[in-house]
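Positions are given from 1 along the sequence.
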Amino acid sequence: STWGLLSMASDDQKDKIGKAFGVFAKFVGSQGNLTKDQLSRISRVLADIYDDIDAEHAGSVSKARWIEYWATFLDFEKNDVFNSIMSLADSCMKEMARNEREKERMSRSDPCYFPGLDETA
């Protein structure tokens, strides 16, 4: 149901917007679609416009619908939507990498950790 809307995004941009969706799904631990609650964990703005993205009230947004929504977003160029999405995906990737490193650090014996330091006397 594209309503015959003109695509404002290039194929390359659509591809990257789709990849960003994958990053967001991984970030919130989703196997597929994204719910309003999950999007709110990524960005307040995404949660605020959720009802526009999920126009058919499916209860969650598919990758195809995500791409369609942004590709046909009228102010796509003007509002620099593409760069905002890319920047958000980048932040999520950095946070996931940080969490990975943290898990890794905790799992091996941390040379900076001295048993007893955290015990209250």
Side-chain angles (χ1 to χ4, degrees):
S1 65
T2 51
W3 309 103
L5 285 170
L6 190 68
S7 179
M8 300 287 161
S10 68
D11 286 343
D12 180 56
Q13 286 175 323
K14 281 194 250 187
D15 186 50
K16 287 181 172 138
I17 288 169
K19 286 194 171 93
F21 182 90
V23 169
F24 298 147
K26 191 174 175 192
F27 184 74
V28 298
S30 166
Q31 296 305 308
N33 292 5
L34 289 171
T35 64
K36 183 173 190 168
D37 180 55
Q38 288 171 326
L39 283 174
S40 75
R41 284 160 53 195
I42 297 160
S43 157
R44 183 75 254 143
V45 177
L46 290 178
D48 288 345
I49 60 168
Y50 177 83
D51 293 330
D52 293 334
I53 305 176
D54 183 17
E56 281 158 15
H57 311 295
S60 66
V61 174
S62 68
K63 181 175 174 178
R65 173 58 193 150
W66 170 265
I67 295 170
E68 176 190 66
Y69 176 80
W70 292 115
T72 56
F73 189 75
L74 282 176
D75 293 327
F76 186 81
E77 292 297 326
K78 195 168 63 183
N79 290 349
D80 207 12
V81 167
F82 178 73
N83 287 333
S84 301
I85 294 171
M86 291 306 105
S87 164
L88 198 53
D90 192 50
S91 299
C92 287
M93 278 167 43
K94 284 187 174 126
E95 192 169 326
M96 284 190 288
R98 261 197 309 276
N99 293 344
E100 256 334 284
R101 283 197 301 274
E102 191 58 25
K103 268 205 292 258
E104 171 67 24
R105 197 177 66 74
M106 300 296 276
S107 68
R108 54 193 155 89
S109 53
D110 188 341
C112 298
Y113 177 73
F114 300 101
L117 273 186
D118 55 357
E119 287 170 16
T120 48

>> Is any side-chain heavy atom of I42 closer than 4.5 Å to one of C92?
In response: yes
> Rounded to the nearest 0.5 Å, how far apart are CE of M93 and CE of M86?
Replying inline: 10.0 Å
> For residues 31-42, which residue pairs qualify under salt bridge (charged side-chain N to carboxylate O under 4.0 Å, His left out), counting only residues two or more places apart or in two chains?
Replying inline: K36-D51
> Are V45 and I53 connected in the hydrophobic side-chain network, where two residues link if heavy atoms are under 4.5 Å apart?
Replying inline: no
> Is R101 paired with E104 through a side-chain N to carboxylate O contact shorter than 4.0 Å?
Replying inline: no
> Who passes side chain to side chain donor-acceptor pair (under 3.5 Å) against N83, sequence neighbours left out?
Replying inline: D80
>> Applying side chain to side chain donor-acceptor pair (under 3.5 Å), can you list everything that pairs with D90, at least two apart in sequence or on another chain?
In response: K94
>> As an exercise, state the distance from CD1 of I17 to CG of D12, rounded to the nearest 0.5 Å.
In response: 9.5 Å
>> As an exercise, state the distance from NZ of K16 to CG of D11, rounded to the nearest 0.5 Å.
In response: 12.0 Å
> What residues, two or more places apart in sequence or in another chain, satisfy side chain to side chain donor-acceptor pair (under 3.5 Å) together with Y69?
Replying inline: none
> If you measure from CG on D48 to OG on S43, what distance do you get to the nearest 0.5 Å?
Replying inline: 8.0 Å
> Step by step, would you call L34 with Y50 a side chain to side chain contact (heavy atoms under 4.5 Å, CB included)?
Replying inline: CA-CA 10 Å; L34 289 171; Y50 177 83; over 6 Å; no
> Taking atom CZ of R65 and atom CD of E56, what is their separation to the nearest 0.5 Å?
Replying inline: 6.5 Å
> Closest approach of T35 and G59, non-hydrogen atoms and distance?
Replying inline: CG2-O, 4.0 Å
> By side chain to side chain donor-acceptor pair (under 3.5 Å), which residues pair with D52, not counting sequence neighbours?
Replying inline: none
> Roughly how far apart are D54 CG and I49 CD1, rounded to 0.5 Å?
Replying inline: 12.0 Å
>> Run L88 and L46 through side chain to side chain contact (heavy atoms under 4.5 Å, CB included) and show every step you take.
In response: CA-CA 11 Å; L88 198 53; L46 290 178; 3.8 Å; yes
> Does any N or O in the side chain of W70 come within less than 3.5 Å of the main-chain N or O of K14, such that one atom is a donor and the other an acceptor?
Replying inline: no
Atom pairs and distances, donor-acceptor, side-chain atoms in residues 18-33, under 3.5 Å, two or more places apart:
| from | atom 1 | to | atom 2 | distance (Å) |
| --- | --- | --- | --- | --- |
| K19 | NZ | D15 | OD2 | 2.8 |
| S30 | OG | G32 | N | 3.1 |
| S30 | OG | N33 | O | 2.6 |
| N33 | ND2 | S60 | OG | 3.1 |

